[in-house]
**Q** 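Below you will find the structure I want to go over with you.
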Amino acid sequence: MKEARENRRKKNVPTLPTRFCEENFYVENMREMVQTSARIYSDRNAFLVKERPGGPYCGISYPRALTDMEGLATSLLDLGLKDEKIAIIGESRYEWTLSFLAIESGIGVAVPLDRELPPVEIANLLERAEAAAIIFSGKTGKRLTDALSQMDESKKPKFCINMDLAENTDDQLSFKVLVQRGRAKVKAGDIRCRELPIDPEAMGVLLFTSGTTGYAKGVMLSQKAILANVMNMQKVVHIERLTTLSVLPIHHTYELTCDQLAVLYGGNTVAYCEGLKHIVKNLGEAKANVMLGVPLLFESIHKKIWKSAEKSGKAKTMRRAVQLSKAVGGGKTKAAAKVFKAVHEAVGGQMKLLIAGAAAIDPNVVEDFCAMGIPMIQGYGMTECCPIIALNPPERPKASAAGMPLPGTEIRIEDPDESGIGEIVAKSPSVMLGYYKDPEETAKVLKDGWLYTGDYGYLDSEGFVHITGRKKNVIVTKNGKNIFPEEVEFYLMKEECIKEVVVYGKEEEETGETIVMAAIFPNRDLLQNQFRAETEEDIRKLVKEAVDRANDQMPLYKRVKRFDLRDTEFEKTTTKKIKRFTALEQK
């Protein structure tokens with residue numbers, strides 16, 4: 001610790017508040033982060049993995065992770081991949097994170113890819129990134145093979161490295177063999193991987209956005225920007241001996257930065273989930289006390305908790321207990337864990353904090369979990385900011401807000417209207433370098449050091465950020481009123497017979513007026529089984545009643561005038577956000 005403090009003094013880094021001094025250290029690059037964590041936290045597990053499905057968790061220590069990283073980096077050097085772009089595709093697992101850290105240790109640029117993408121899009125991104133190699137899991141092998149078959153021979157990656165291959169083959173290299181060979185070389189004195197120059201301000205990661213509103217952009221992130229996000233998050237959220245269950249897609253910057261790098265920086269532990277249906281079991285097995293998730297995941301758990309209470313006949317009693325707890329702030333007491341024991345068991349029994357991100361969450365869900373003795377906060381960010389821009393402080397969260405500006409981040413509202421709502425603009429050490437080979441799009445969002453987020457919102461009197469909707473989605477009426485589809489969707493989604501919805505504006509030819517429309521995917525199982533809807537006409541009638549109830553909660557100009565019913569779900573990103581651009585194209 002003395003060495004870490006001296007390191008901060010030499011670099012003229014301000015001393016952090018007392019409760020962070022013994023946990024935070026300043027790092028300039030990810031190799032230094034892993035090296036420092038391995039030295040300080042040598043007795044701790046960096047990862048918990050399962051060697052076989054359904055088996056017990058096995059620990060991987062910080063020193064072991066460091067030697068594996070150095071081994072893989074050495075082998076990548078031997079392949080001639082210095083200063084090349086290397087793609088990674090696969091499920092959340094140790095080998096994925098290890099690949100990322102090895103690439104960032106001075107080898108080249110990491111290019112995380114979404115494993116759910118169709119082969120044609122994987123091929124497209126590999127070409128756009130000019131990837132010289134790809135590291136992939138066995139589960140994505142077929143998809144990758146299909147993608148490579150669609151690529152020009154001269155543009156294919158030179159090396160395909162399989163995480164699950166035991167030995168090298170003619171067309172694939174074994175990840176395990178590369179790690180073992182590299183480790184042997186390092187042990188024998190080959191320490192090239194420790195001496196590679198790293199420019200923390202250069203592009204270290206090329207991360208393609210999910211493209212919910214159109215063409216995916218290549219976001220260029222530096223190690224300096226990512227680590228600034230990691231270190232500043234640690235100043236807000238600090239839990240001793242944290243173990244997190246990794247459930248989100250690992251290629252997404254929310255999971256990568258907040259649930260992998262931030263945990264490793266703090267000397268904590270990442271346990272990998274076996275799949276969404278195993279969350280509760282894995283939470284208990286890993287003794288996880290923190291979990292990051294998207295609103296859909298937490299809202300689903302919330303619904304199951306209340307349905308279980310109703311089924312057991314305890315819903316009324318639990319509802320009274322929740323209201324009482326909210327009134328007296330009792331969620332922070334030890335008694336809450338006893339009163340809401342079943343709820344705590346539903347999230348593994350050890351939970352100290354739930355963190356929601358990637359989209360807005362229903363404030364009622366946050367308030368309920370907090371009242372039941374399970375603290376929950378939400379944050380706001382975007383890939384272009386590594387990603388966190390604002391985060392709720394666990395000590396005094398505000399359920400309706402996205403959070404307060406992250407330390408080191410400035411937020412202002414551009415061109416606010418009479419309600420104080422305008423575009424959210426941020427200045428932060430975590431802002432991206434720009435969009436890859438796209439100066440025109442870069443110039444649209446980066447102006448004088450400020451990131452124009454494309455999100456509309458406002459700052460309240462306490463400095464909390466509130467998001468009202470996306471700038472691109474705003475519906476403008478003939479008399480100049482702004483309608484945020486997300487707000488209308490929020491009220492519609494309170495109706496249990498509506499499973500998914502996209503709200504949009506449409507101009508009527510006869511009057512020239514812009515009216516609010518909705519494309520709705522109804523909960524057909526519920527309508528048919530519980531409400532006895534036998535025909536499409538019955539379903540439409542029940543949905544119409546639901547739309548009317550939602551409309552009653554909104555002013556006249558925001559109300560849905562017409563709606564269409566869908567037979568299929570909307571296409572979504574891997575963080576379960578509806579691809580609005582695609583949805584409206586299909587209209």
**Q** Determine whether a donor-acceptor pair (N or O, by modelled atom type, separation under 3.5 Å) exists between the side chain of Gln223 and the backbone of Met30.
**A** yes
**Q** Between Asp190 and Arg192 (side chain of the first, backbone of the second, donor and acceptor by atom type, cut-off under 3.5 Å), is there such a pair?
**A**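 Looks like yes, one N/O pair under 3.5 Å.
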**Q** Which distance, rounded to the nearest 0.5 Å, do you find between the OH of Tyr265 and the OG1 of Thr36?
**A**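 The OH atom of Tyr265 sits 9.0 Å away from the OG1 atom of Thr36.
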**Q** May I ask you to decide if Gly55's main-chain N or O and Lys50's side chain share a donor-acceptor pair within less than 3.5 Å?
**A**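 Yes; judged by distance alone, with no hydrogens or angles, the pair exists.
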**Q** Looking at Lys156 and Glu153, does any basic side-chain N land under 4.0 Å from a carboxylate oxygen?
**A** yes
**Q** Hey, are Lys303 and Asp362 close enough for a salt bridge, meaning a charged N less than 4.0 Å from a carboxylate O?
**A**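 Judged by the 4.0 Å cut-off on N to carboxylate O distance, Lys303 and Asp362 do not form a salt bridge.
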**Q** Does atom NZ (Lys82) have a neighbourhood of more than 12 heavy atoms from anything else shown, all under 6.0 Å?
**A**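 Check passes, neighbour count above 12.
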**Q** So, do Lys85 and Met203 sit near enough that their side-chain heavy atoms are less than 4.5 Å apart?
**A** yes
**Q** Does a side-chain heavy-atom distance below 4.5 Å link Leu248 with Asp259?
**A** no
**Q** Taking the side chain as everything from C-beta on, heavy atoms only, tell me whether Leu165 gets closer than 4.5 Å to Lys176.
**A** no
**Q** Is the shortest side-chain N to carboxylate O distance from Glu274 to Lys281 below 4.0 Å?
**A**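 Yes, charged N to carboxylate O under 4.0 Å.
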**Q** I'd like to check Cys160 versus Asp171 (side-chain heavy atoms, cut-off strictly below 4.5 Å). Are they in contact?
**A**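 Not in contact.
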**Q** Spell out, as yes or no, whether a donor-acceptor pair under 3.5 Å connects the side chain of Glu95 to the backbone of Ser137.
**A** no
**Q** Look at the rings of Tyr41 and Tyr62 and say which category their plane angle falls in: under 30° parallel, 30 to 60° tilted, over 60° perpendicular.
**A** tilted
**Q** Does the side chain of Thr269 come under 3.5 Å of the side chain of Asn45 through a donor N or O and an acceptor N or O?
**A**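 Distance-only check fails for Thr269 and Asn45.
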**Q** Is there a donor-acceptor pair under 3.5 Å between the side chain of Asn392 and the backbone N or O of Gln378?
**A**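 Pair found, side chain donor or acceptor close to backbone of Gln378.
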**Q** Please answer whether the main-chain N or O of Met33 pairs with a side-chain N or O of Ser37 as donor and acceptor at a distance below 3.5 Å.
**A**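 Looks like yes, one N/O pair under 3.5 Å.
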**Q** Can you find a pair of side-chain heavy atoms, one from His302 and one from Phe369, that are under 4.5 Å apart?
**A** yes
**Q** If you take all heavy atoms of Ala147 and Ala123, which pair is closest and at what distance?
**A**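 Taking every non-hydrogen atom into account, O-CB, 3.5 Å.
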**Q** CD1/Ile86 to CD1/Ile107 distance, rounded to the nearest 0.5 angstrom?
**A** 7.0 Å
**Q** Which atom pair, heavy atoms only, marks the closest approach of Thr243 to Ala286?
**A**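 Nearest heavy atoms, Thr243 then Ala286: CG2-O, 3.7 Å.
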**Q** Using 0.5 Å steps for rounding, measure from the SG atom of Cys193 to the NZ atom of Lys185.
**A**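 Going from the SG atom of Cys193 to the NZ atom of Lys185 covers 11.5 Å.
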**Q** Are any of the side-chain heavy atoms of Leu79 and Leu173 separated by less than 4.5 Å?
**A** yes
**Q** Give the C-alpha distance, both sets of side-chain angles, the deciding distance and a yes or no for side chain to side chain contact (heavy atoms under 4.5 Å, CB included) between Arg143 and Arg115.
**A** CA-CA 8 Å; Arg143 194 166 294 205; Arg115 72 187 184 100; over 6 Å; no
**Q** What closest approach, in Å, do Glu104 and Val109 show between heavy atoms, and which atom pair accounts for it?
**A** OE2-C, 4.4 Å
**Q** Ignoring hydrogens, what is the shortest heavy-atom contact between Asp43 and Arg241? Give both atom names and the distance.
**A**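 Asp43 and Arg241 have their closest heavy atoms at OD2-NH2, 4.1 Å.
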**Q** So do Val186 and Arg194 actually touch side chain to side chain, heavy atoms under 4.5 Å?
**A** yes
**Q** Contact between Pro119 and Ser149 at the side-chain level, heavy atoms closer than 4.5 Å - yes or no?
**A** no
**Q** Taking everything shown except Lys304 itself, do over 12 heavy atoms lie less than 6.0 Å from its NZ?
**A**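 Open: at most 12 neighbouring heavy atoms sit under 6.0 Å from NZ of Lys304.
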**Q** So, are Arg181 and Asp78 salt-bridged, with charged N and O less than 4.0 Å apart?
**A** no
**Q** Taking all atoms of both residues into account, what is the closest heavy-atom pair of Phe208 and Ala129, and its distance?
**A**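 Heavy atoms only, the tightest pair is CE1-CB, 4.2 Å.
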**Q** Pick one: which of Val247, Thr97, Leu48 meets side chain to side chain contact (heavy atoms under 4.5 Å, CB included) with Tyr272?
**A**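 Testing each of Val247, Thr97, Leu48 against Tyr272, the sole residue satisfying side chain to side chain contact (heavy atoms under 4.5 Å, CB included) is Thr97.
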**Q** Return yes if some donor-acceptor pair links the side-chain N/O of Arg566 with the main-chain N/O of Phe521 below 3.5 Å, else return no.
**A** no
**Q** Nearest 0.5 Å please: distance from the CD1 atom of Ile60 over to the CG atom of Leu66.
**A** 13.0 Å
**Q** In Å and rounded to the nearest 0.5 Å, what is the OG1 to NE2 distance from Thr257 to His252?
**A**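 Output value for this atom pair is 10.0 Å.
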**Q** Mind telling me whether Trp96 and Phe100 have parallel, tilted or perpendicular rings, with 30° and 60° as the class edges?
**A**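 Plane angle under 30°, so parallel.
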**Q** Give a yes or no on whether the backbone of Arg64 and the side-chain of Thr67 come within a donor-acceptor separation of less than 3.5 Å.
**A**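 Judged by distance alone, yes, a pair lies under 3.5 Å.
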**Q** Can you name the nearest heavy-atom pair linking Gln350 to Asn289, along with the distance?
**A**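 Heavy atoms of Gln350 and Asn289 come nearest at O-CB, 3.2 Å.
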**Q** Under 3.5 Å, is there a donor-acceptor pair between the side chain of Asn168 and the main chain of Ser174?
**A**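 Here the side-chain-to-backbone pair exists.
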**Q** Is Ser300 reaching over with its side chain to a backbone N or O of Leu296, donor-acceptor style, under 3.5 angstrom?
**A**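 The answer is no, because no donor-acceptor pair under 3.5 Å joins these two groups.
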**Q** Applying side chain to side chain contact (heavy atoms under 4.5 Å, CB included), run through Leu117 and Asn124 and close with a yes or a no.
**A** CA-CA 10 Å; Leu117 288 173; Asn124 172 42; over 6 Å; no
**Q** Answer with yes or no whether the side chains of Glu285 and Asn282 bring together a donor and an acceptor at under 3.5 Å.
**A**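 A pair is found: one side chain offers a donor N or O, the other an acceptor, under 3.5 Å apart.
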**Q** How far does CD1 of Ile135 sit from CE of Met163, to the nearest 0.5 angstrom?
**A**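 Answer rounded to 0.5 Å: 6.5 Å.
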**Q** Would you kindly say whether Glu255 and Ser246 are connected by a side-chain donor-acceptor distance under 3.5 Å?
**A**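 Note: Glu255 and Ser246 side chains meet the donor-acceptor criterion.
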